[in-house]
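Okay, so here's the structure we're looking at.
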Amino acid sequence: MRQIELIADEPRTDNMERASEIVDGLNEAQRQAVTTTDGPSLIVAGPGSGKTRVLTHRVAYLIATGRAQPFHILALTFTNKAAREMKRRIQQLVGDVHATGIWMGTFHSIFARILRREADKLNFTSDYTIYDTDDQDRIFRGLMDQYNIDPRQHPVRAIRSMISEAKTQMISPSEFARVAMSPQQEKAAQLYQPYIETLHRSNAMDFDDLLLKPLELFRKDAETLEKYQSRWRYVHIDEYQDTNQAQYQLTKLLAARHKNICVVGDDAQSIYAFRGADIGNILSFQKDYKEAKVLRLEQNYRSTEKILRLADSIIKNNEKRLDKSLWTENDEGEDVVLMEAISEKDEAQKIERRIRDIYVRGHHYRDCAVLYRTNAQSRSIEEALRRAGIPYRVIGGLSFYQRKEIKDVVAYLRLAVNPHDTASLRRVINFPTRGIGLKTLQQILDYAADRDMTPWAAIEEIEEVGLSARAQRAVKKFATLIAEFRDRAVTEPADEVAREVIRGSGLLDELKREHTTENLVRWENVQELVSAIAEFVESNPDTGSLSTFLQEVSLLTDADDDHTEGDKVTLMTLHASKGLEFPVVFITGLEEGLFPLARAAQEKEELEEERRLFYVGVTRAEKMLFLSTARSRYQYGEQQSCVRSRFLDETAPGLIRTEAGGDFTAAKDRFRMRPGGRVAYDNVDPYYYRKNLRAGSGTSDRAAGRRVVYDEGEGGDIVPGVIVEHDVFGEGKVQAVEGNGQQAKATVFFKTVGQKKLVLRFARLRVIG
DNA sequence: AGAATGGACTTTTTT
DNA sequence: AGTCCATTCT
């Protein structure tokens, strides 16, 4: 309680009472973490230890004790969801007025905001466009064309991620060119500088820039740095193990003045090394701040003891980790259940039955989460749940703002704000088609490239480009269209502009051209976008400009949408599950090659990351945990046999039982190292197994023969007279069925599109009546 | 110029 | 199995 007596300026009794209320109900370690406000502190927090609680209470405590005004506080997270959750809790503790002034958000959104304010100092304008990977790829494709680099030999993705990696490591183009070894790296090095220039000319930033540009600014402009250093007296960072180099440097600079930096992290939950996260940052923290206090939150409030013991036995297989001893006062709980399935369909069915069972026993659907390694795995589970009539929601996959129809509208809106945005221009210059073909486009792009100008600048002087009269007319029409949108963007509210864009661009006609259910959904999505814009304008009357809206939606993820309403089972990747908890958790696809992924199993570092991912998944569970593995899985267009994951064999005995109720016995030393250090792998990994099958022609027949067997069950329910549902065509009635096995076809009469003949193997019809 | 067809390739996780 | 790309067709 001495802390509270230290309030210097105005020790108000109501605040003091509030402050002690805030720490009330916390355990000793948590209270320590909350009240250690001054100076650097590193909070090493295990899963389910109330880490978010500590952060929010700490912020509330700072305000209540008068140590800081809300705007003195910076709190950085990795997802919008985490930020929103923190804000909600702080509101409960200190009230709206105080909570709204806090600088709280994801790294990217906070620094996007800083860039808006400081744009002029960096030779940008504040209405810059944010490029996602899709936009980047569009730029790269153009550059590769220009530099005669074959995208078949050097995939765009590979080039993009190489350059992105270089950027996050803060390697300059010249440096990168020096260290480039492989032909692919050399190509990337060649494009690095032109890419930066293209983005600059387009007034665009990629995700990396959102962190690098502020860093650049703070480094070269001491005054600006000082401004933010003195504004943010208290800096908080959640999920510190996920910070990359740039984020590390940024926060180090920002906290340099007050040194009140509090970071919370768990090295065992680091699962984002693939995008540049550096666990080393946790270790460096203690080196950078010698006086740093290290606090540990080791009590787990979330899971049963058995689940926690399982998690512990998993993570113990990693060599690289900080020592932490997790414990809980919770019940021992039930055994973890391993479900061994024949195929991915069988797996899905087992899960579906379990969920029904659990539901009948009084749980809600929303208590259950099904986790998987790759997004593609959701399909079979969705199908099983749909068939059983169990409501579910899928998080991730294609997010709303990544849908084509939305991206098209957004591209036009971006052009209305900034016509020099090259990626958006390339996207829509001929969509909907308006007579600007490949050849015309190429001429414009060449003209622009020769003069180091943007395509839009070339279009502005289209007479000089030397197009045919017809092409020139078409381009001029496009230019007039965009110019018109630009004018409106200045005078009209953003949602009005959006409506006009949808009408004027021809996107509306495009969607209405064909009456399919697919197009109807697309149209609804577009309408939803318009209302989202309207809502944004209304709730941000001062800053609610179109460009701000566009910037903010670029930073949204599907997982951020707060659709917790409704009693539904949640399906998502293990990555997306981080930070969440559920009474009942299913972890699926525990097979070699899938989890751990084939490529990850080759490298020790990556394998350890996969293992941490498993650890994250297991620790999401509160009461019940189910693990599942399938003997075979339909993948990459063919049925493959699978081997159960080594992760299962690494677990401690006595924690897992099989469905039949027996003890699961792990096989030890399944993956012994050979003397050479490489794992004897080729026989077990389905990925390689499949490659071997392909290499020898004799064996591939065997594989084909096997596949037929699995296909036999297909289509049995589809007989003339039944009502079926198709993903695209909707509801229809089966008229006739012909052929069998892989060749089986059905003639179906659909309400929307009339009669169609479909190959059952591809059509994925669902019987609904 | 634009639609339709055919083939190769891909499959990690995401701010 | 879906996507993207190239080629061929109308």
Side-chain angles (χ1 to χ4, degrees), chain A residues 76-83 105-112 130-134 137 141 145 150-153 155-158 161 164 168 205-211 239 242-244 246-247 270-277 371-377 379-380 395-399 401-402 404 430-441 468 470-471 474 552-560 572-578 589 593-601 606 609-610 612-614 616-617 633-640 686-687 690 727 759 761-764:
Chain A
L76 297 165
T77 61
F78 278 84
T79 63
N80 291 300
K81 197 155 136 200
T106 62
F107 272 91
H108 287 85
S109 70
I110 292 285
F111 289 107
I130 299 174
Y131 277 179
D132 64 9
T133 47
D134 215 65
D137 286 357
R141 231 171 278 140
D145 212 54
D150 184 3
R152 302 163 68 105
Q153 270 173 41
V156 182
R157 276 157 228 273
S161 63
S164 172
T168 43
M205 309 261 180
D206 61 22
F207 285 133
D208 301 320
D209 289 329
L210 292 177
L211 303 172
E239 309 279 15
D242 289 338
T243 48
N244 63 28
Q247 288 159 334
S270 157
I271 53 174
Y272 284 111
F274 72 91
R275 67 167 194 219
L371 310 181
Y372 35 77
R373 177 69 245 259
T374 65
N375 277 308
Q377 285 166 258
R379 203 155 263 169
S380 54
I395 294 185
L398 258 208
S399 92
Y401 289 100
Q402 280 172 0
K404 184 184 178 298
N430 200 32
F431 186 84
T433 51
R434 51 171 68 86
I436 305 172
L438 241 56
K439 225 177 123 195
T440 313
L441 180 61
S468 72
R470 192 165 70 146
E552 289 195 6
V553 300
S554 310
L555 299 174
L556 285 182
T557 319
D558 186 50
D560 294 330
M572 64 188 147
T573 62
L574 286 142
H575 281 90
S577 77
K578 188 150 98 153
L594 185 62
F595 194 24
L597 280 169
R599 336 176 30 166
E606 286 184 53
E609 176 144 321
E610 295 281 304
R612 291 193 293 268
L613 190 57
F614 187 33
V616 166
R633 190 171 286 276
Y634 200 76
Q635 228 181 345
Y636 314 137
E638 56 187 300
Q639 194 80 32
Q640 290 176 47
Y687 178 81
R690 174 165 144 258
D727 282 346
V759 179
R761 190 154 57 98
F762 299 115
R764 294 217 325 269

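Quick note: numbers below take in every heavy atom, side chains included, and nothing from hydrogens, waters or symmetry partners. Below, chains carry the letters A, B, ... as their sequence lines are ordered, and counting in each starts from 1. Because the structure is a prediction, the values reported are computed rather than measured.
With B:dA1, B:dT13, C:dC5 as the candidates, the nucleotide lying closest to the side chain of A:F274 is B:dT13. Taking only side-chain atoms of A:R157, from C-beta outward, the nucleotide of B:dT12, B:dT11, B:dT15 with the closest atom is B:dT11. With distances taken from any side-chain atom of A:H575 to the nucleotides B:dA1, B:dT12, B:dT13, the minimum falls on B:dT13. In the set B:dT14, B:dT12, B:dA1, B:dT14 carries the atom at the smallest distance from any side-chain atom of A:N375. The listed nucleotides are B:dA1, C:dG2, B:dT15; the one nearest the side chain of A:R379 is C:dG2. When distances are taken from the side chain of A:T106 to each of B:dT15, B:dG2, B:dT12, the shortest belongs to B:dT15. Nearest to the side chain of A:T133, among B:dA1, B:dT13, B:dT15, sits B:dT15. Closest to the side chain of A:Y634, from the set B:dT15, C:dA1, B:dT13, is C:dA1.
Heavy atoms of A:N430 sit under 4.0 angstrom from primed sugar atoms or phosphate atoms, though from no base atom. In this structure, A:S109 reaches neither bases nor backbone, as no heavy-atom distance under 4.0 Å exists between it and the strands shown. Using a 4.0 Å heavy-atom cutoff across all strands shown, A:R612 reaches no nucleic acid atom at all. Backbone-only engagement by A:Y272 is indicated by non-hydrogen atom pairs under 4.0 Å involving sugar-phosphate atoms exclusively.
With the nearest nucleotide of DNA chain B identified for both A:R373 and A:P155, A:P155 has the one nearer the 5' end. The residue among A:T440 and A:F78 whose nearest nucleotide of DNA chain B lies closer to the 5′ end is A:T440.
Nucleotide B:dT11 holds its P atom 20 Å from the CZ atom of A:F595, rounded to whole Å. Rounded to a whole Å, the CG atom of A:L597 is 12 Å from the P atom of B:dT11. The nearest whole Å value for the distance from the CG atom in A:N244 to the P atom in B:dT14 is 17 Å. For the pair A:E239 CD and B:dT14 C1', the interatomic distance rounds to 14 Å; values are reported in whole Å. Atom pair A:L613:CG and B:dT13:P shows a separation of 11 Å (rounding to whole Å applied). Between the P atom of B:dT15 and the CD1 atom of A:I271 lies a distance of 11 Å, rounded to the nearest Å. Atom CE in A:M572 sits roughly 17 Å away from atom C1' in B:dT12 (whole-Å rounding). The distance from atom NZ of A:K578 to atom P of B:dT14 is 12 Å, rounded to the nearest whole Å.
Relative ring orientation between A:F107 and A:F78 is described as tilted, the plane-to-plane angle lying within the 30° to 60° band.
A side-chain donor-acceptor contact under 3.5 Å links A:N430 to the backbone of A:I436. At distances below 3.5 Å, at least one donor-acceptor pair connects side-chain atoms of A:E609 with backbone N or O atoms of A:A273. Looking at A:D137, its side chain never comes within 3.5 Å of a backbone N or O of A:D134 through a donor-acceptor pair. Checked by atom type and distance alone, the side chain of A:H575 pairs as donor or acceptor with a backbone atom of A:I271 at under 3.5 Å.
Between B:dT14 and A:T573, a contact under 4.0 Å exists linking OP1 or OP2 to a side-chain N or O.
Taking only distance into account, the side chain of A:R275 never meets the base of B:dT13 through a donor-acceptor pair shorter than 3.5 Å.
For the C1' atoms, the distance from C:dC4 to B:dT13 is 22 Å, rounded to whole Å.
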